[in-house]
Amino acid sequence: MADIQHLIDIIVEEMRERPDKGRVADYIPPLAHVSPDKFGMAVVLADGRMLCGGDAQEPFSIQSISKVFSLTLALGMAGDGLWNRVGREPSGSAFNSIVQLEREQGVPRNPFINAGAIVMSDIILGRGEPREAIGQTLRLVRDLAGDDMIAIDEHVARAELATGFRNEALAAYAKAFGNLNNEVDRVLGVYSHACAIAMSCAQLAMAGRYLMLGGRNPETGKQVLSPHRTRRINALMMTCGHYDNSGEFAFRVGLPGKSGVGGGILLIAPGVASVAVWAPGLNAQGNSLLGSIALERLAGRAGWSVFEPRG
Ligand code: GLU
């Protein structure tokens with residue numbers, strides 16, 4: 001195998017030198033203050049080795065990457081019945097688009113756009129209290145990463161709730177079509193807190209290990225998800241993980257990934273590696289600009305792709 005630490009070190013240097021770092025998301029106020037100069041990368045290999053570079057230990061807002069963990073939790077609760085309420089097609093639209101939701105009668109295109117994750121938050125909430133549902137999500141992430149220090153940034157969650165008018169509209173729309181059982185504000189409480197989980201690249205790459213290992217959490221030895229469902233989550237990350245930029249990401253990187261507007265991306269090389277990258281500046285579609293370039297280089301140079309025979 002290529003010397004991965006060497007590859008990371010080179011990529012960190014290359015990214016530092018790039019003049020165009022993209023635009024930091026400013027529609028969630030606390031995210032607007034994050035420096036676009038941050039860059040971190042962490043790789044956990046199948047044998048358990050962890051390799052890091054740059055700001056890999058600094059926590060950032062995982063935002064939509066949480067949708068992967070919410071899907072894991074919601075699938076465990078609702079089973080395949082979940083697919084009656086959320087689709088599995090790439091949206092080809094912005095992550096917070098409302099037009100498609102109307103056209104498709106309140107059934108979101110996939111679990112990785114905001115509307116889809118709002119419906120999953122309703123499933124996770126069930127008949128319980130938002131506080132419990134939020135606690136369950138955080139517990140899952142901590143278990144997956146093997147790290148009890150992971151926490152929710154309340155400041156981010158509150159800011160998002162105070163300014164998330166589009167998400168309110170999406171939730172109200174889903175409710176109008178009968179695809180939300182709970183009240184809009186309770187569901188959004190669960191949704192926003194999941195988005196506000198703060199993790200470093202190192203913690204995130206650890207949390208992604210089950211997706212590289214067929215659903216097994218190497219920390220506990222327990223099967224978090226069946227291999228079959230794990231494969232499906234990876235398939236959805238590949239086809240829907242980068243909003244209306246998903247085709248481009250698959251074309252360039254060739255591996256399942258999920259981005260968030262905090263500038264993080266979780267990337268899975270099945271059987272080989274779980275990777276997290278963080279660069280807060282975004283491209284026009286809301287995906288980390290340097291993060292995408294860095295992952296394209298890492299996957300290309302390491303020879304990782306689901307489309308190439310493994311040597
Ligand atoms: N919390 C963000 C929102 O609801 C998530 C967006 C994202 O990361 O794509 O707008």
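Atoms within each ligand, like the ligands themselves, are counted from 1 in listed order. Only heavy atoms go into these numbers, but all of them, side chains included; no hydrogens, no water, no symmetry mates.
With a 4.0 Å cut-off on non-hydrogen atoms, Arg166 does not touch ligand 1 at all. Residue contacts with ligand 1 for Asn167 involve side-chain atoms from C-beta outward but no N, CA, C or O (heavy atoms, distance under 4.0 Å). Contact annotation: for Val261 versus ligand 1, heavy atoms closer than 4.0 Å belong to both the backbone and the side chain.
Under a 4.0 Å criterion applied to the non-hydrogen atoms of Gly260, ligand 1 contributes the atoms 8 (O). Taking every heavy atom of Tyr191 and a limit of under 4.0 angstrom, the matching atoms of ligand 1 come to 1 (N), 2 (C), 3 (C), 4 (O), 5 (C). Counting atoms of ligand 1 from 1 in the listed order, those under 4.0 Å from a heavy atom of Cys195 are 1 (N). Near Glu160, meaning under 4.0 Å from one of its heavy atoms, ligand 1 places the atoms 1 (N), 2 (C), 3 (C), 4 (O).
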Tell me, with the steps shown, if Ile10 and Arg301 meet side-chain contact (heavy atoms from CB on, under 4.5 Å). CA-CA 11 Å; Ile10 292 174; Arg301 292 169 190 172; 3.9 Å; yes

Is there a side chain to side chain donor-acceptor pair (under 3.5 Å) between Asn283 and Asn245? Walk through the geometry before answering. CA-CA 10 Å; Asn283 65 16; Asn245 207 209; 3.1 Å; yes

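To the nearest 0.5 Å, the span separating CG on Asn234 from CD1 on Ile268 amounts to 6.0 Å. In this structure, the separation between CG on Leu225 and CG on Leu71 is 8.0 Å, given to the nearest 0.5 Å. With values rounded to the nearest 0.5 angstrom, Leu204 atom CG is found 11.5 Å from Met206 atom CE.
The protein heavy-atom contact nearest to atom 9 (O) of ligand 1 is Tyr243 OH, 2.1 Å. For atom 5 (C) of ligand 1, the nearest non-hydrogen atom of the protein is Gln63 OE1, 3.3 Å. Scanning the protein heavy atoms around atom 10 (O) of ligand 1, the nearest turns out to be Tyr27 OH, 2.6 Å. The single protein non-hydrogen atom nearest to atom 7 (C) of ligand 1 is Ser64 OG, 2.6 Å, given as residue, atom name and distance.
With Gln203 contributing its side chain and Ser200 its backbone, the two residues share a donor-acceptor pair below 3.5 Å. Between the side chain of Asp153 and the main chain of Val156, a donor-acceptor pair closer than 3.5 Å is present.
Salt-bridge check for Arg85 with Asp122: passed, with a basic side-chain N closer than 4.0 Å to an acidic carboxylate O.
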